[in-house]
Every structure is written in structure tokens, then in C-alpha cells.
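See below for the structure under consideration.
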Amino acid sequence: MLEVHDLTVSYGPIEAVREVSFRVEAGAVVSLVGPNGAGKTTALNAVSGVIPARRGRILFEGRDITRMSPHQRVSEGIVQIPEGRLVLAGMTVRENLEMGAYRRPRPEIAASIDRMEARFPILRERSGALAGTLSGGEQQMLAIARGLMAKPRLLLLDEPSLGLAPLIVRLIFEIIRELQAGGQTILLVEQNARQALAVSSHAYVMENGKVVLEGPAESLTSDPAVISSYLGQAISSPT
Amino acid sequence: MNLLAQQLVNGLFIGSVYGLFAVGYTLVFGVLDILNLAHAAVFTLGGLSAVWLVQAAGMSIWLAFPLATLLAGGLGLLINAAAFAPLRRRADSQFSGLISSIAMAIIFDAAALGLFGARSVRFPPGTVKVHVWQIAGVTITSLQVGIVLVATLLMLILTLFLQRSRTGKAIRTVAENERAAMLLGVNVSGIIAFTFFISSALGGAAGVLYGLYFDSLAPDMGRAIELKGLAVIILGGMGSIPGAILGGLAFGLSEVLTVAVSGTSNLRDAVAFTVLFAILLLRPSGLLGRGKLREA
Ligand SMILES: Nc1ncnc2c1ncn2[C@@H]1O[C@H](COP(=O)(O)OP(=O)(O)O)[C@@H](O)[C@H]1O
Ligand SMILES: [Mg+2]
């Protein structure tokens with residue numbers, strides 16, 4: 001569904017992503033893991049188009065979208081739930097959800113909001129509240145629901161568990177599993193590599209702007225190098 | 001007592017024009033965090049072109065007013081395309097945009113001078129049929145009432161538009177966070193251009209109403225309102241639409257009350273700006289400011 005070839009992205013003279021290639025098959029959950037500053041967010045931003053690619057090509061369903069504007073990519077079904085959530089703090093929860101469906105036909109929106117509120121009851125409860133007044137976990141739920149309102153064909157999820165309490169993190173990964181079961185294609189960026197690999201079929205490890213390792217998630221999970229560098233020492237692997 | 005009542009009423013009329021001018025000013029600020037210092041020049045061109053449409057083209061004011069408003073909106077598109085859009089990716093775009101908007105103002109002022117001449121002009125007599133009413137010793141004209149109604153109506157429509165419509169919500173989304181807006185599928189540069197269009201259209205409409213109210217327009221009429229408009233949006237709380245409306249009224253009222261109390265117009269501006277400082281001492285973020293203050 002998504003193919004990224006030799007992508008280079010730079011901020012001024014600094015190349016934050018260098019000649020990176022990866023692909024996501026339809027229906028798969030693929031994760032991009034690696035330490036802080038590796039270039040994961042930058043790579044995702046290039047896929048959604050909010051940062052232009054310096055070199056390389058991005059193909060979506062075989063079509064070259066490298067130069068396509070971000071809003072057109074949303075129309076094509078590429079939807080990013082950004083790091084830091086970026087909820088619209090001064091707008092109501094409902095307005096946030098409405099904006100999620102900005103590029104969809106208007107008559108469908110109310111029913112979609114209903115479904116989303118049924119899945120995330122807290123959003124119905126706080127429907128009229130300003131999004132900025134929600135707790136961090138609630139804001140992440142809102143950001144996810146808002147992203148889903150766009151009916152993504154490819155969902156780009158950037159650090160959905162960042163800075164959240166363990167209970168909420170578990171909830172978030174439950175949602176990811178649920179989406180996966182429903183056939184949603186997801187490109188997941190996580191520092192929480194262990195949990196990310198557990199839900200993924202395939203993964204790429206980034207470091208210093210490059211992909212340094214890639215493979216099926218299971219084989220990465222059992223790779224000693226990956227374990228020591230990215231999964232921490234306290235391994236209680238299920239095997 | 002009657003004089004005071006009369007001045008209060010006058011303050012309401014002129015305050016509504018200030019409010020309309022400031023609403024456009026603050027809209028661009030609220031969305032982009034930039035000041036468009038060509039706003040006053042658009043105000044001038046809006047007013048002068050309405051006079052031209054009525055006088056030279058022989059149009060009714062009911063046609064000339066909306067046309068001048070649209071024309072002013074078009075100037076807003078031009079300001080955005082020439083002064084702001086090319087700089088948007090620069091790290092210092094707020095400051096450089098400010099400067100290039102001053103440059104646009106200078107060009108617009110020169111255009112006003114070249115197109116309409118340096119002398120002050122007025123709408124031909126009978127442009128608007130004026131009835132005069134005496135109510136409890138206070139003189140009110142139908143023109144004044146019309147001005148308040150039109151200004152109020154435009155501000156009301158804008159408020160509803162921003163609250164309810166899909167595009168209005170997109171404008172607020174861009175105001176909240178440009179990055180988020182892009183990710184939600186908002187065509188951010190299109191929305192910014194449209195915001196400039198509305199802002200300048202309202203500024204031009206204020207110019208027409210101002211010209212009708214004072215029965216005199218000149219290429220330098222923007223000077224008089226430029227600083228007041230800035231004061232009003234600071235007073236109301238930068239970026240706040242209701243704040244700008246309220247600030248406009250407060251400013252108009254404090255002006256005319258000064259004249260009423262002191263008996264001369266010499267102190268008018270001084271007192272109005274003093275009131276501004278006094279209010280900001282009490283409420284640093286303005287009347288309806290978002291309460292966000294710079295951390296110490
Ligand atoms: N807006 C920016 N301007 C300049 N440098 C940036 C910017 N955003 C990120 N970087 C740099 O790019 C590199 C990659 O960052 P990022 O993609 O955010 O990494 P990750 O998401 O993997 O933590 C880092 O060195 C970071 O400092
Ligand atoms: Mg990141």
C-alpha cells in the first residue's frame with residue numbers, strides 16, 4: 001500500500017532522515033522503532049506531507065505522491081495521528097471530531113461521530129467541553145478518534161503511548177489491536193519498542209536517520225542485538 | 001444631561017465602526033499571529049472606491065457598498081499573496097511580514113492618492129435618505145441607525161460563520177494549530193487567503209460606513225483609525241472577535257465622553273488611549289483576552 005524509496009528529509013542543512021526505504025502492505029501493522037531523535041517522526045511527516053521530502057519517492061497504492069499536498073493526501077486516505085496529539089485545545093470535543101471528518105461528505109459525519117462516541121464513551125460525556133480541558137489520556141483518545149473520523153486507509157500513528165500512565169498505555173494498545181483485527185493498515189512509531197513489536201507483523205529499526213535493521217517483528221524480538229539495544233535488559237520474553 | 005445622552009449615542013455609532021474595523025484586524029491576528037498593517041489602507045480604499053462608484057459610476061449606495069466591500073476583500077488576497085505568503089516559511093515571518101505589510105500600506109496609500117486625488121471627498125447629497133428623529137432631546141438619524149445595524153449585522157454574521165460553518169471551523173483550526181490543520185486535511189494556505197479576504201472586506205466595509213458617518217473621506221483617513229484599531233484589539237484581547245467588538249465600543253464611548261466632559265475635542269485621543277492603558281493595567285490580557293500571558 002505504501003512504499004517509500006530512498007527518502008531523505010532535511011531541516012536546513014541537517015539531514016534528519018537519510019535514504020530510508022520501507023513499505024507497508026495493506027492490512028498490516030508495521031512499526032518504526034528506535035531511540036529519540038532517530039528520525040521516526042520526520043519520516044512519518046514526510047509520508048503525510050507536512051514536511052517535504054528532499055529526495056526519494058513515496059508511492060501510495062502505486063501512485064507517486066511525493067509532491068502531493070498534505071490535504072490531498074488526507075483525501076487519499078493517509079491520516080496521521082501526530083506525536084503530542086495536537087488536539088484543538090480551544091475547540092470542543094465534538095468540533096475536534098467534526099474536523100477529523102473535514103474532507104468527508106457532510107451527511108456521513110453525524111453518524112460517524114455517533115459510532116466514535118459509542119466506542120469512546122468519554123468523548124460523548126465530554127462532548128461540549130473544550131479539548132484542552134481533557135486529561136492527557138483523554139486527549140490521546142480524542143486524537144485517535146479524530147484521526148479515525150477521516151476513515152483512514154493508511155493510519156500513521158506517532159508515539160500514541162508517549163507520556164501516558166501504564167493503564168492508558170494498555171488501553172491504547174488494545175485499540176491498536178482492535179483496529180488491526182478490523183483490517184486497518186497502520187504504520188506505528190513507538191519508543192515503546194517491545195509493545196510495538198508485539199502488535200506488528202514487520203518492523204524497521206531507525207537510528208541517526210537511517211534504517212539499521214528490519215525484518216518480521218518476531219525475528220527482531222528474538223534478535224539479541226535488538227534486545228540489548230532497544231528492548232532493555234529486563235527481558236521477560238514469553239519464549 | 002441631554003448632551004451626555006447624545007454623546008453616549010454618538011459613541012455607540014462610532015464605536016460600532018471601530019469595532020468592525022478592529023474585528024477584521026484581529027481576525028488575521030487570531031489566525032496567524034501576525035499584524036497586517038495594511039489594514040488601514042484597505043479601509044481607506046474601501047471608502048474611497050465606494051464614493052467613486054456612487055459619484056462617477058452613478059451606482060446606488062446599496063450596490064456600491066457591497067461592491068466596495070468585495071473589492072477590499074480582493075485587496076486582502078493581494079496583501080496575502082504579495083506581503084505574507086512568500087515569507088511564510090521564514091523563521092522570522094512575523095516580523096518580516098509586519099514590515100512587508102507596511103510596504104503594502106505605502107503602495108495602497110499612494111494608489112489612493114493617485115486614483116482619487118488628495119482632496120477630501122464625500123458621498124453626493126442624497127446618497128442615503130436621512131430621517132432625523134428627536135427622542136427625549138437626543139438627535140438620531142436613520143443613517144446612524146443604519147450604520148450601527150450594518151456593522152452589528154456584519155459582526156454577527158462573522159461570529160456565526162466562525163462558530164457554525166465548516167469553513168469557519170477550518171479557520172479556527174488553523175488558528176489553533178497549523179500543523180494539526182494540515183493533518184486534518186485543511187488546505188491551510190487556502191484558508192489563510194480566505195481569512196485575509198474576510199478581514200479586508202470587513203475593513204473596507206468599515207471605511208464605507210466611516211465615510212458615510214463623517215460625510216468626508218480623504219486618502220489619509222486611515223491614519224485616524226489605524227492606531228485606534230490596534231488599541232482596540234489590544235484592549236479587547238488580541239485575536240478575540242467579541243473582544244474587538246467590545247473594545248471598539250469602549251473606545252468610541254471614551255472618546256465622545258471625553259469631549260462631553262471636557263467640552264473640547266483636544267483631549268479626545270489622549271484620554272481614550274489613557275483608558276486603554278488603565279484597562280490593560282487591570283487586565284493585562286485585555287477585556288476578553290485568552291488569558292495567556294508570557295511567563296515571567
Ligand atoms: N523542526 C525541526 N527543526 C530542526 N531539526 C529537527 C526538527 N525536528 C526534528 N529535528 C531533528 O531531526 C532529528 C530527528 O527528529 P525526529 O524525527 O523528531 O526523531 P524521532 O521522532 O525519532 O524522535 C533530530 O535530530 C531532531 O533534533
Ligand atoms: Mg518522534
Side-chain angles (χ1 to χ4, degrees), chain A residues 11-12 41 44-52 68-92 94-107 109 130-132 139 142-143 145-152 155-158, chain B residues 26-27 29-33 85-93 159-195 236-244 285-286 288-293:
Chain A
Y11 300 103
T41 295
L44 229 50
N45 283 340
V47 173
S48 63
V50 295
I51 296 179
M68 193 185 265
S69 65
H71 62 267
Q72 280 174 309
R73 294 187 208 200
V74 174
S75 296
E76 293 294 316
I78 301 178
V79 175
Q80 182 179 6
I81 299 174
E83 186 177 347
R85 310 186 265 274
L86 304 189
V87 299
L88 309 167
M91 294 168 73
T92 65
R94 191 184 172 90
E95 284 173 334
N96 269 266
L97 292 175
E98 284 171 5
M99 283 312 296
Y102 183 72
R103 298 209 81 82
R104 284 180 53 201
R106 254 173 275 194
I109 296 176
L130 295 183
Q139 289 193 13
L142 176 58
R146 186 182 65 178
L148 295 175
M149 285 294 297
K151 283 215 166 160
L155 186 64
L156 310 172
L157 252 177
D158 196 353
Chain B
T26 212
L27 180 63
F29 184 84
V31 173
L32 298 165
D33 286 332
L87 302 171
R88 197 152 289 137
R89 289 207 170 271
R90 281 172 63 139
D92 62 353
S93 69
T159 305
L160 285 177
F161 171 74
L162 289 174
Q163 284 305 319
R164 304 276 168 82
S165 76
R166 176 174 179 272
T167 307
K169 285 174 191 169
I171 291 176
R172 284 158 58 210
T173 301
V174 174
E176 287 269 343
N177 189 311
E178 271 184 45
R179 170 67 56 92
M182 272 187 223
L183 292 176
L184 293 169
V186 175
N187 175 353
V188 171
S189 47
I191 288 290
I192 288 175
F194 187 62
T195 304
M238 301 297 284
S240 160
I241 304 271
S285 58
L288 298 179
R290 285 172 287 189
K292 242 190 314 182
L293 290 180

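Residue numbers start from 1 in every chain, and the chains themselves are labelled A, B, ... in the order their sequence lines are given, proteins ahead of strands.
Neither the backbone nor the side chain of Ser75(A) comes within less than 4.5 Å of any heavy atom in chain B. Interface residue Asn45(A): only side-chain heavy atoms are found under 4.5 Å from chain B. Looking at Ile51(A), the atoms closer than 4.5 Å to chain B (heavy atoms on both sides) all sit in the side chain, from C-beta outward. Residue Ala170(B) touches chain A through both its backbone and its side chain, counting heavy-atom pairs closer than 4.5 Å.
Of the listed residues (Glu98(A), Met99(A), Gln72(A)), the one with the most heavy-atom contacts under 4.5 Å to chain B is Met99(A). Contact tally against chain A (heavy-atom pairs below 4.5 Å) for Met182(B), Arg179(B), Glu178(B), Glu176(B): the top residue is Glu176(B).
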- Given Leu184(B) and Val74(A), is the side-chain contact (heavy atoms from CB on, under 4.5 Å) satisfied, shown in steps? CA-CA 7 Å; Leu184(B) 293 169; Val74(A) 174; over 6 Å; no
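Of residues 80-92 of chain A, those residues with a non-hydrogen atom less than 4.5 Å from any non-hydrogen atom of chain B are, in numerical order, Gln80(A), Pro82(A), Leu86(A), Leu88(A), Ala89(A), Gly90(A), Met91(A).
Separation of atoms OH (Tyr102(A)) and CG (Leu183(B)) is listed at 14.0 Å; rounding is to 0.5 Å.
Between Arg172(B) and Glu95(A), at least one side-chain nitrogen of the basic residue sits less than 4.0 Å from a carboxylate oxygen of the acidic one, meeting the salt-bridge criterion.
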